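First the structure, in the form of structure tokens, and then the observations on it.
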Amino acid sequence: MVGFSLPNSMVQPVKRSLPEQAIGPPFFYYENVAQTPKRTWDTIKGELYGVEPEFLDSKYICATARKRGYIHNLPIENRSSLCLEPPKTIFEAFPHYRKWWPSWDSRKQLNCLTTCVPSSRLTELIEFVLSAAENPPSLRVQNYVMALCRQYNLVWVGKNRVAHLEPHEMEYLLGFPRNHTRGVTRTQRYKSLGNSFQVDTVTYHLSVLRDMFPDGINVLSLFTGIGGGEVALHRLGIHMRIVVSVEISKVNKRILRSWWNQTQTGELIQIPDVRTLTDDKIRSFIESIGGFDLVIGGSPCNNLAGKNRFHRDGLEGEHSSLFYQYPRILN
DNA sequence: CTAACCATGACGGACTCT
DNA sequence: AGAGTCCGTCATGGTTAG
């Protein structure tokens, strides 16, 4: 899962030719979870002009895994390595965790960051088991503890003590500025961050745009969330003249607005629901601003994701079916 | 008082790759 | 055939806003 190319890598970059229909303008960039049935990705691909998905695990870019598929019509030659290299291992990201990290925990990177937080009962259980065990613990105990650490993405914060990541640590690993989501409830921060882009990964893909738009770009941002795409563009130094952002969550809208007001000089127009962005409205936007240069977004994965035990209904699920709004709007 | 909000804990299985 | 992974949901009880 190495995508079409990797930064600073000996991996031979892939060459591809886009289907005629997929060639821009505008450029488009679509994202979703990679680990959903192949037939789902076949459907997505079919709706997006048959463009082959780029499957990339962010563990090749940063310190945490994030297996995602990206369908886009961006050039893939001459992607530039990031000016600011993100940490690629747990210890590079959090040197202070060395202190309590047992030698038998061989993890160098973290698993996928999600929205959920494990119960404190679990960390208590691990501490209890390890306190009662020999030092070092038997293989059996090690395997037991490691399975839980991997499953819940736990880190070592004290003697025999593990803990879940703090929201600001997730912000850091995902490539957001510190305190990007601060000011909303803790639970909400976990939710918003768990649902977001890995910014460095998106930055790498979008880096080909940097020299193409010296006067800035107009962006149509669908399912914006906390603005991973916008942060990536900003980091590339690409001026956003106008961003029309579609995002239903009040909290996420507030987070984006506050970041925008602090860092941007362009105009941000926020719309709550993709379904209210009718064809007529799109036409009038295009007329008034002179067209969009980039359409970017990842549609809801709720009904595709492996974590969902209740309604893993695929693309036709209640939330994930909003995907179909993406090709409609793009067309 | 009521409704909305918030934190917490409990809860398997489908899927891919080797 | 086996191992490892996963942008999650729901009910409950407490808290806060109006």
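Lettering follows sequence order; numbering is per chain, from 1. Since the structure is predicted, the reported quantities are computational estimates derived from the model, not experimental observations. Hydrogens, waters and symmetry mates play no part in the numbers below; they use all other heavy atoms, side chains included.
Taking the P atoms as reference points, B/dA10 lies 23 Å from C/dC7, given to the whole Å.
Checking the phosphate oxygens (OP1, OP2) of B/dC15, no side-chain nitrogen or oxygen of A/Lys67 falls inside 4.0 Å. Considering only side-chain N and O atoms, A/Ser119 lies under 4.0 angstrom from the phosphate OP1 or OP2 of B/dA10. The shortest distance between the side-chain N/O atoms of A/His311 and the OP1/OP2 oxygens of C/dC10 is below 4.0 Å. At the phosphate of C/dC7, neither OP1 nor OP2 sits under 4.0 Å from any side-chain N or O atom of A/Ser196. Residue A/Ser120 places no side-chain N or O under 4.0 Å from the OP1 or OP2 atom of B/dT8.
A/Asp42 places its CG atom 14 Å from the P atom of B/dC15, with the value rounded to the nearest Å. The CZ atom of A/Arg39 sits 13 Å away from the C1' atom of B/dT16 (whole-angstrom rounding). Per the geometry, CD belonging to A/Gln109 stands 12 Å off P belonging to C/dT5, to the nearest Å. For the pair A/Arg189 CZ and B/dC6 C1', the interatomic distance rounds to 15 Å; values are reported in whole Å. Rounded to whole Å, the distance from CD1 on A/Ile226 to C1' on C/dC7 is 11 Å. In this structure, A/Leu322 atom CG and C/dC7 atom P are separated by 18 Å, rounded to whole Å. Between A/Leu173 atom CG and C/dC7 atom P the separation is 16 Å, expressed in whole Å. Atom CD of A/Gln198 and atom P of C/dC6 are 14 Å apart (whole Å).
The residue A/Gln151 sits apart from the nucleic acid: no heavy atom pair falls under 4.0 Å. Here A/Lys191 lies out of heavy-atom contact (under 4.0 Å) with every strand. Using a 4.0 Å heavy-atom criterion, one finds that A/Arg121 contacts the sugar-phosphate atoms exclusively. As judged by a 4.0 angstrom heavy-atom cut-off over every strand, A/Arg66 is placed among the base-contacting residues. Within 4.0 Å (heavy atoms only), A/Cys112 reaches sugar-phosphate atoms of the nucleic acid but no base atom.
With no hydrogens or angles considered, no side-chain donor-acceptor pair links A/Arg68 and A/Ser58 at under 3.5 Å. Between the side chains of A/Tyr49 and A/Asn331, at least one donor-acceptor pair of N or O atoms lies under 3.5 Å. A donor-acceptor pair shorter than 3.5 Å can be found between the side chains of A/Gln198 and A/Thr201. Checking A/Tyr324 against A/Glu316 by side-chain atom types alone, a donor-acceptor pair falls below 3.5 Å.
A salt bridge does not link A/Arg16 to A/Glu54: none of the charged side-chain nitrogens sits closer than 4.0 Å to a carboxylate oxygen. The pair A/Lys45-A/Asp42 fails the salt-bridge criterion, with no side-chain N (NZ, NE, NH1 or NH2) lying under 4.0 Å from an Asp/Glu carboxylate O.
Donor-acceptor pairing under 3.5 Å, judged by distance alone, is absent between the side chain of A/Arg186 and the base of B/dC6. Under 3.5 Å, the side chain of A/Gln188 and the base of B/dC6 form no donor-acceptor pair of N or O atoms.
Ranked by how close their nearest DNA chain C nucleotide is to the 5' end, A/Arg312 and A/His319 are led by A/Arg312. Each of A/Lys250 and A/Arg309 was matched to the nucleotide of DNA chain B holding its nearest heavy atom; the match closer to the 5' end belongs to A/Lys250. Across the interface with DNA chain B, nearest-nucleotide mapping of A/Phe310 and A/Gln35 shows A/Phe310 to be the residue nearer the 5′ end.
Between A/Phe223 and A/Tyr326, the ring center distance fails the sub-6.0 Å criterion.
For the segment residues 298-306 of chain A, the set of residues with a heavy atom within less than 4.0 Å of an atom of DNA chain C comprises A/Gly298, A/Ser299, A/Cys301, A/Asn302, A/Ala305, A/Gly306, in numerical order.
Closest to the side chain of A/Thr187, out of B/dT8, C/dC7, C/dT9, is B/dT8. Each of C/dT5, C/dC6, B/dA7 was ranked by its minimum atom distance to the side chain of A/Lys307; first place goes to C/dC6. With distances taken from any side-chain atom of A/Ala65 to the nucleotides C/dC6, B/dC15, C/dC7, the minimum falls on C/dC6.
Each of A/Phe4, A/Tyr29, A/Phe197, A/Phe27 was scored for a ring pair (Phe, Tyr, Trp, His ring centres under 6.0 Å) with A/His205, with one residue passing: A/Tyr29.
Pairing for B/dG12 is absent, with no Watson-Crick or G-U wobble pair whose two atom distances lie under 3.5 Å. Of the nucleotides present, none pairs with C/dC7 by Watson-Crick or G-U wobble criteria with both distances under 3.5 Å.
Between A/Phe94 and A/His96, the angle of the ring planes goes over 60°, which puts this pair in the perpendicular group of the 30/60° scheme.
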